[in-house]
Structure formats: C-alpha cells, structure tokens
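Atoms within a ligand are numbered from 1 in the order they appear, just like the ligands themselves. Keep in mind it's a predicted model, so treat the numbers as computed, not measured. Computation of the quantities below employed the complete heavy-atom set of this structure, encompassing side-chain atoms and omitting hydrogens, waters and symmetry-equivalent molecules.
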Amino acid sequence: ENGTASALWSEYQTGWVEQQQDQLYLVVELTQAIRHRRFEFVVQPKVDLSSMAIHSGEVLLRWHHPEKGSIGPDVFIPLAERVGLIFKLTQVVLNLTFEWVALHRAALKSCSLAINISARDLLQPAFAQDTLALCQKYQLEPARFILEITETTALSDKAMAIENADLLRAAGFSLSIDDFGAGYSSMQNIHRLAPQEIKIDRQFVRELTINSTHETLCRSLITLSQDLHTCATAEGIETAEQLALLKQWGCHSGQGYYLYRPLAPDDFLTLLRTQQNGH
Ligand code: C2E
Ligand code: CA
Ligand code: CA
Ligand code: CA
C-alpha cells in the first residue's frame, strides 16, 4: 500500500520534472524563434454587421517550428506572458504587420488592421513612443491600426498604462479591450483606458442560444458598449442563429468562422479586392 503510494509519488514527480523540462525547452526554442523571426501571421476579417462589409482584419500570430510544424498562439502566448518574452513578441508582431501594410498600403487603404498586444506592454514606459516611432519609420498613419489589449487583469501600474493609452490614442491609434467579460477585467480599468472598441469574448457568443445567462450577459455587454460610446465586436460567431441575435441586439461588428476564417495575408488582400469590386 505504502509502496504503491511512493511509486505513485515518484511517478508524479518524474511527470512534473518532465513537464518542467518541456516548458524550459519550449522557452529556449521560443527565444531562438524570436531572434530569427520564425513567425508568420494570418488575418481574420472583422465585419460591420449592418452592411456586412469587412472594415478591418485581425493579425493572428503563427509560430513555424522546424519539427513540430505550426504552433498556435494559445500555446506560446501564455508562456511568453509568464516568462517575460511577450515584449519581444509584440515587437515581432508590430514589425511584421507594419512591414506588410507598408508594402500593400494602397490595397489596405480602407481597411484597418487589428494587432494584439498584452496589457503588460502598456506598463513599459516607452511603449507608446516606440510604437509611434516604428509607425513613422514605415510612414504609416496610426489611424490604420487598432490595438487589441488582452490580459487587462495584469494592469498593476494603472497610471503608466493610462499614460501610454492616452499617448497612443492622441496619436490616432484605436484601442480595443479584448476578451471582454472573461476573467476579471475591472470596469474601472476599462473605463480609464477609454477604448474605441470592446470585444465580447467567444465563450459568451458560443453559448448564446443554449445558455440564458450568457444571453443576458451578451446583451448587457452590447448595451454597456453603447453607454460607453464604444463599438461592440462579437468574436467567435459560428452559426447563422448567433449572427441574427447579435444583429438584433444592435452589436456593431462581428468576427468568426461563420463569417470568415483567418486567411493567409495574400488571400485577405484578394478578398478585399473582390469586396471593393462590388461583390
Ligand atoms: P483572440 O485575440 O481572442 O483571437 C481570436 C482567436 O479565436 C483566434 O485564435 C481565432 O483564430 C479564433 N477564432 C476566430 N473565430 C473563431 C470561431 O468562430 N470559432 C472558434 N472556435 N475560434 C475562432 P488564435 O489565432 O489561435 O489566437 C488565440 C489567441 O492568441 C488570441 O485570442 C490572442 O489572445 C492570442 N494572440 C494571437 N496572436 C497574437 C499576437 O500577435 N500577440 C499577442 N499578444 N497575442 C496573440
Ligand atoms: Ca484579439
Ligand atoms: Ca478575443
Ligand atoms: Ca482569446
């Protein structure tokens, strides 16, 4: 009996050690990937729900691992947040996106690009200045970009975050609160960041038609966005039924597999072209 317990314990320990080693190895690989910019991105259209036109595209990062293939951000972003690699990763995304937009500035003229940043980025004293400088380097107007802020629970130094947010907004960037309603993003934080957009988290949209609590929550988030004079974007729309309800409740904008899947950058440009040609 006792033997079994200690065998289990040692197995548990071995498992734990292996897990730690895997994580450590992944951190080393991620560091190298950042150094060699081994990342690509896809773009998912964001749609105006009254006209159904694409008004922007969200840049979603993909890591191309030499052996493991494409690794999704759900694996490496939380890890990067934990070990402090998120700042470098944000720089990678900003550079990749600005470079691409500069190359296709005419085709992207009437479409803004949404970039995911971590709330932790806003705690870096020079974040707003550096981002502006980078934008100027590529000769791009900040008004082309929406910064989607995730992990707002991490906002420890509120004054610093607000200072950066104010600078970015004054320069023309739009700010968006990502995954709204999920976690524990305090209303006060959100109010003081004065975002132009809030994104209703996928989990509420998913269970819209089967869970009445989520229905109520979704509707109140849309009302709240109207009171705050911001745009509400629902993410993760997967069915016609979800889309119809969100439209009916006055949600401005939407995103999800039912509308469009994330696309390779070139395919996104092609899609925009067909839309501009009146299809
Ligand atoms: P997010 O910002 O909430 O991004 C939306 C995620 O939902 C994307 O997953 C997208 O592919 C997925 N999605 C979109 N429509 C649907 C749908 O209808 N159904 C379902 N089931 N999923 C849908 P992805 O690309 O795996 O990204 C996951 C998360 O990783 C993002 O969530 C974001 O928080 C983070 N992330 C992605 N790219 C970056 C980045 O460049 N920087 C940072 N800091 N975070 C990023
Ligand atoms: Ca996002
Ligand atoms: Ca989200
Ligand atoms: Ca998310």
Side-chain angles (χ1 to χ4, degrees), residues 30 33-34 37-47 54 56-64 69-101 112-124 127 131 145-154 174-183 185 190 195-209 218 221 231-243 246 253-265 267-268:
L30 188 57
I34 291 170
R37 291 242 216 140
R38 242 173 251 139
F39 295 92
E40 285 173 9
F41 63 88
V42 288
V43 185
Q44 187 176 33
K46 293 168 81 171
V47 170
I54 297 166
S56 61
E58 179 177 2
V59 173
L60 296 162
L61 203 58
R62 299 288 178 263
W63 173 10
H64 276 281
S70 182
I71 302 181
D74 278 338
V75 176
F76 65 85
I77 296 287
L79 182 65
E81 297 255 9
R82 272 209 307 285
V83 301
L85 283 172
I86 193 67
F87 310 112
K88 285 188 174 160
L89 220 46
T90 297
Q91 292 313 310
V92 170
V93 180
L94 288 171
N95 274 284
L96 282 174
T97 308
F98 289 175
E99 213 171 81
W100 181 66
V101 175
S112 41
L113 273 302
I115 302 172
N116 289 288
I117 66 162
S118 167
R120 289 186 177 83
D121 290 310
L122 293 180
L123 301 178
Q124 303 287 98
F127 180 72
T131 306
F145 302 100
I146 305 161
L147 301 176
E148 294 190 5
I149 306 163
T150 52
E151 294 279 312
T152 44
T153 35
S174 289
L175 302 179
S176 165
I177 303 294
D178 210 342
D179 300 340
F180 194 66
S185 30
I190 284 154
Q196 279 73 46
E197 177 193 62
I198 60 169
K199 292 187 83 173
I200 301 171
D201 193 64
R202 197 161 77 219
Q203 76 184 86
F204 304 116
V205 175
R206 186 173 46 215
E207 290 180 30
L208 210 56
T209 49
C218 231
L221 291 178
C231 161
T233 297
E235 54 176 38
I237 301 173
E238 291 184 351
T239 68
E241 211 180 351
Q242 291 163 349
L243 177 64
L246 289 160
S253 145
Q255 193 179 356
Y257 294 167
Y258 181 74
L259 299 164
Y260 298 99
R261 296 239 163 199
L263 302 165
D267 294 338
F268 181 74

Exercise for the section: Please check if the side chain of Asn95 supplies one atom and the backbone of Val92 the other of a donor-acceptor pair under 3.5 Å. Expected result: no
Exercise for the section: Would you check if the Ca ion (ligand 2) lies under 3.0 Å from any N, O or S atom of Asn116? Expected result: yes
Problem - Whether Gly72 lies under 4.0 Å from ligand 1, heavy atom - result: no
Fill in the blank from the handout: Looking at Asp179, the N/O/S atom that lies nearest to the Ca ion (ligand 3) is called OD1
Exercise for the section: Give a yes/no answer: is there an N/O/S atom of Asp178 under 3.0 Å from the Ca ion (ligand 3)? Expected result: yes
Practice task
Say whether Arg202, considering both its backbone and side-chain N or O atoms, lies within less than 3.5 Å of an N or O atom on ligand 1.
Solution key: yes
Practice task
Ignoring hydrogens and angles, tell me if any N or O in the side chain of Gln44 forms a donor-acceptor pair with the backbone of Tyr260 under 3.5 Å.
Solution key: yes
Practice task
Check Asp201 against ligand 1 and report side chain, backbone, both or neither, counting heavy atoms closer than 4.0 Å.
Solution key: neither
Exercise for the section: Can you sort out the partners of Phe268 under ring pair (Phe, Tyr, Trp, His ring centres under 6.0 Å), two or more places apart, ordered by chain and number? Expected result: none
Practice task
Please verify whether a non-hydrogen atom of Arg62 lies at under 4.0 Å from ligand 1.
Solution key: yes
Problem - Pro73: numbered ligand 1 atoms lying under 4.0 Å from its heavy atoms - result: 24 (P), 25 (O), 26 (O), 27 (O), 28 (C), 30 (O), 36 (N), 37 (C)
Practice task
Check whether any side-chain N or O of Glu235 sits under 3.5 Å from a backbone N or O of Arg202 as a donor-acceptor pair, and report yes or no.
Solution key: yes
Completion exercise
Within the 4.0 Å heavy-atom cut-off, what Leu61 brings close to ligand 1 is both
Completion exercise
Closest to the Ca ion (ligand 2), among the N/O/S atoms of Glu58, is atom OE2
Completion exercise
A student checking ligand 1 against Asp179 at a 4.0 Å heavy-atom cut-off should list atoms 3 (O)
Handout entry: Spacing of CG belonging to Leu175 relative to CD belonging to Glu148, to within rounding of 0.5 Å
Key = 11.0 Å
Exercise for the section: Have a look at ligand 1 and work out which part of Gln255, if any, has a heavy atom under 4.0 Å from it: side chain, backbone, both or neither. Expected result: neither
Exercise for the section: Take every heavy atom of Glu238, measure it against each atom of ligand 1, and state whether any distance is under 4.0 Å. Expected result: yes
Handout entry: Glu235 atom (N/O/S) at minimal separation from the Ca ion (ligand 3)
Key = OE1
Handout entry: Residue portion contacting ligand 1 (non-hydrogen atoms closer than 4.0 Å) for Val93
Key = side chain
Problem - ligand 1-proximal atoms of Ile115, by part, heavy-atom distance under 4.0 Å - result: neither
Exercise for the section: Give yes if a backbone or side-chain nitrogen or oxygen of Thr90 is under 3.5 Å from a nitrogen or oxygen of ligand 1, and no if not. Expected result: no
Handout entry: Side chain, backbone, both or neither: the part of Glu235 lying under 4.0 Å from ligand 1 by heavy atom
Key = side chain
Practice task
Please round to the nearest 0.5 Å and tell me the distance separating atom CD1 of Ile117 and atom OG1 of Thr150.
Solution key: 8.0 Å
Exercise for the section: Could you please spell out the steps behind the ring pair (Phe, Tyr, Trp, His ring centres under 6.0 Å) verdict for Phe204 and Phe180? Expected result: CA-CA 10 Å; Phe204 304 116; Phe180 194 66; 9.0 Å; no
Handout entry: Which of the ligand 1 atoms, numbered from 1, are nearer than 4.0 Å to a heavy atom of Pro262
Key = 11 (O)
Practice task
Specify which N/O/S atom of Glu148 comes nearest to the Ca ion (ligand 2), by atom name.
Solution key: OE1
Exercise for the section: Find all atoms of ligand 1 within a distance of less than 4.0 Å from any non-hydrogen atom belonging to Glu58, and give their numbers and elements. Expected result: 2 (O), 4 (O)
Practice task
With heavy atoms under 4.0 Å as the rule, classify the contact between Arg206 and ligand 1 as side chain, backbone, both or neither.
Solution key: neither
Exercise for the section: Enumerate the atoms of ligand 1 whose separation from the nearest heavy atom of Asn116 is less than 4.0 angstrom. Expected result: 2 (O), 38 (N), 39 (C), 40 (C), 42 (N), 43 (C), 44 (N), 45 (N), 46 (C)
